[in-house]
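See structure below.
We're numbering straight along the sequence, starting at 1.
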Amino acid sequence: MTGRITKGVKDFFDVLVESGGEYKNKTVACNSKGVFRKDSIKLKPLVGDIADIEINQGQRDKAELWGIITGIHERKNTLIRPPLANMDVLFIVTSVKHPPPSYFFIDKLTVAAIENEITPVIIINKTDLDPSDDEIFNTYSKTGFRTIKTSAVVGTTGFDEIKDAMRGVVCAFAGASGAGKSSVLNRLFGSLDLDVGELSGKIERGRHTTRTVELFRHELGGYAADTPGFGALEFENDDKNNCILEENLILNFPDFEKYAAGCKYGGCTHIKEEGCGVIEAVASGEAAKSRHESYIAIYEALKIVNKKKKAGK
Ligand code: GDP
Ligand code: ZN
């Protein structure tokens, strides 16, 4: 029987059964059967994992449904902080002001998401504070990333679109502290019928207690991660042994790829070359200047890391 790990505390995990049969949609409290090895690497079950479980006959802890995790399915991606596996969609929440948006922070998150096969969706919140300010919206509309305007306090628009992006997938919310992640989540889940738990209550509790990650299945046939206190993300492949090569960075900027096809010289870094399609698109206003600035900053940072890595070998 297989299910999704929705919660983990030490060696105890909640697994929501997804496969058919009498246990379908039931949450089973599971122990993990020791260490999972793949290529002799220790593998600890993570929230978001798809797990094989065996249900135990008999009673334990007053007839609680319980079982043992016997295996973990291959992961699409692994987050170290917050600890979470198999994310499909990352909502990046920013505010138009208070706090001001950090384009660089957003772009770093989109690069990391794309590297890990996660679809970034940009949520521009607090639009009520300056309804005429479309700068950040225009910037991200140009990227091709889904870009959604909201106001978690007074508005009603955008929430259906967010829900649409949540359908049938595992998603999480990231963004600077104060941008309105909790407010957006509360708005979303205040009106949603959650299958498991009550998200709004959990968020409030999470802030005052330990930083644990939980997945909540919602009525749109997907899961949302409640990740209190995590503004940024750290992926397993963030370490310098396994990071993006600067010459491949353009692949993490899907908005630039089509312009890069028009570069005059092969091996163009798209930083300052003459006849660079990307630089021309930025100059004409077709591509976003701030995105290009982020590209250059990330490129230079990767260059240093990769050089050190080579020297270390
Ligand atoms: P988080 O740190 O990203 O989870 O941000 P919160 O959801 O805690 O929001 C931070 C502050 O911004 C709170 O005082 C919210 O009431 C306020 N806030 C959140 N969304 C909006 C919005 O759309 N408009 C306005 N004016 N304030 C908002
Ligand atoms: Zn170029």
Side-chain angles (χ1 to χ4, degrees), residues 1-90 112-119 166-172 194-197 199 202 206 210-227 230 233-239 241-242:
M1 181 167 336
T2 62
R4 179 80 68 166
I5 299 181
T6 55
K7 190 177 170 182
V9 178
K10 296 204 172 121
D11 283 326
F12 297 95
F13 300 90
D14 280 358
V15 179
L16 185 57
V17 177
E18 290 178 335
S19 54
E22 63 177 306
Y23 296 109
K24 187 174 167 67
N25 294 336
K26 290 215 159 52
T27 298
V28 185
C30 290
N31 291 119
S32 108
K33 200 177 169 183
V35 174
F36 298 82
R37 284 173 193 279
K38 193 187 161 238
D39 305 331
S40 68
I41 294 168
K42 274 188 188 177
L43 199 60
K44 193 182 175 306
L46 276 179
V47 169
D49 266 327
I50 298 175
D52 294 322
I53 62 167
E54 276 168 16
I55 306 256
N56 280 287
Q57 300 296 327
Q59 293 191 350
R60 195 193 68 171
D61 294 346
K62 300 195 186 103
E64 185 190 5
L65 191 55
W66 68 288
I68 289 175
I69 296 175
T70 57
I72 300 277
H73 292 210
E74 199 174 338
R75 291 171 184 155
K76 175 177 162 183
N77 48 49
T78 308
L79 272 164
I80 304 289
R81 250 182 297 254
L84 178 67
N86 297 319
M87 199 199 304
D88 299 307
V89 171
L90 177 67
I114 290 167
E115 188 64 14
N116 288 281
E117 295 175 60
I118 295 166
T119 305
M166 295 175 87
R167 212 173 293 278
V169 299
V170 177
C171 72
L194 291 168
D195 281 353
V196 186
L199 190 56
K202 303 270 182 183
T210 49
R211 291 179 165 194
T212 53
V213 176
E214 276 184 57
L215 279 185
F216 295 88
R217 195 165 60 174
H218 50 69
E219 62 168 13
L220 303 163
Y223 294 88
D226 175 13
T227 57
F230 295 99
L233 310 170
E234 193 185 322
F235 287 92
E236 187 184 46
N237 57 5
D238 274 355
D239 69 30
N241 299 321
N242 193 9

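You'll find the side chain of I5 reaches within 4.5 Å of the side chain of I72, heavy atoms only. I53 is listed as a side-chain neighbour of V17, based on a closest heavy-atom distance under 4.5 Å. The shortest side-chain heavy-atom distance between L215 and L84 falls under the 4.5 Å cut-off. Residues M1 and V15 fail the side-chain proximity criterion, which asks for heavy atoms closer than 4.5 Å.
To the nearest 0.5 Å, atoms NZ (K76) and CD1 (I50) are separated by 10.5 Å. Summarising the geometry, atom OH belonging to Y223 is positioned 12.5 Å from atom SG belonging to C171; distances are rounded to the nearest 0.5 Å. Taken from CD in E219 to CZ in R167, the straight-line distance is 9.0 Å, to the nearest 0.5 Å. If you take NZ on K26 and CD1 on I55, they are separated by 9.5 Å, rounding to the nearest 0.5 Å. Taking CD of E18 as the start and CG of N25 as the end, the distance is 9.0 Å to the nearest 0.5 Å.
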>> Please determine whether side-chain contact (heavy atoms from CB on, under 4.5 Å) holds for the pair F12 and N31, giving the CA-CA distance in whole Å, both sets of side-chain angles, and the decisive distance to 0.1 Å.
In response: CA-CA 5 Å; F12 297 95; N31 291 119; 2.8 Å; yes

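The two residues M166 and H218 have their closest heavy-atom pair at O-CE1, 3.4 Å. Listed here is the closest heavy atom pair of P83 and L46: CB-CD2, 3.7 Å. The minimum heavy-atom distance linking T6 with V47 is given by the pair O-CG1, 3.8 Å. Of all heavy-atom pairs between A112 and F235, the closest is CB-CE1, 3.6 Å. A113 and L90 make their closest contact through CB-CD2, 4.3 Å (heavy atoms, listed as atom of the first residue, atom of the second, distance).
In this structure, N86 contributes its side chain and R75 its backbone to no donor-acceptor pair below 3.5 Å. With hydrogens and angles disregarded, no donor-acceptor distance shorter than 3.5 Å links the side chain of S32 to the backbone of D11. Using modelled atom types, one side-chain atom of R4 and one backbone atom of G48 make a donor-acceptor pair closer than 3.5 Å. Judged by distance alone, with hydrogens and angles left aside, the side-chain atoms of N77 form a donor-acceptor pair with the main-chain N or O of M87 at under 3.5 Å.
Contacts of E234 classified as salt bridge (Lys or Arg N to Asp or Glu O under 4.0 Å), with partners at least two apart in sequence or in another chain: R81. Residues satisfying the side chain to side chain donor-acceptor pair (under 3.5 Å) criterion with D52, sequence neighbours excluded, are H73. Applying the salt bridge (Lys or Arg N to Asp or Glu O under 4.0 Å) test to E117 and every residue at least two apart in sequence or in another chain returns nothing.
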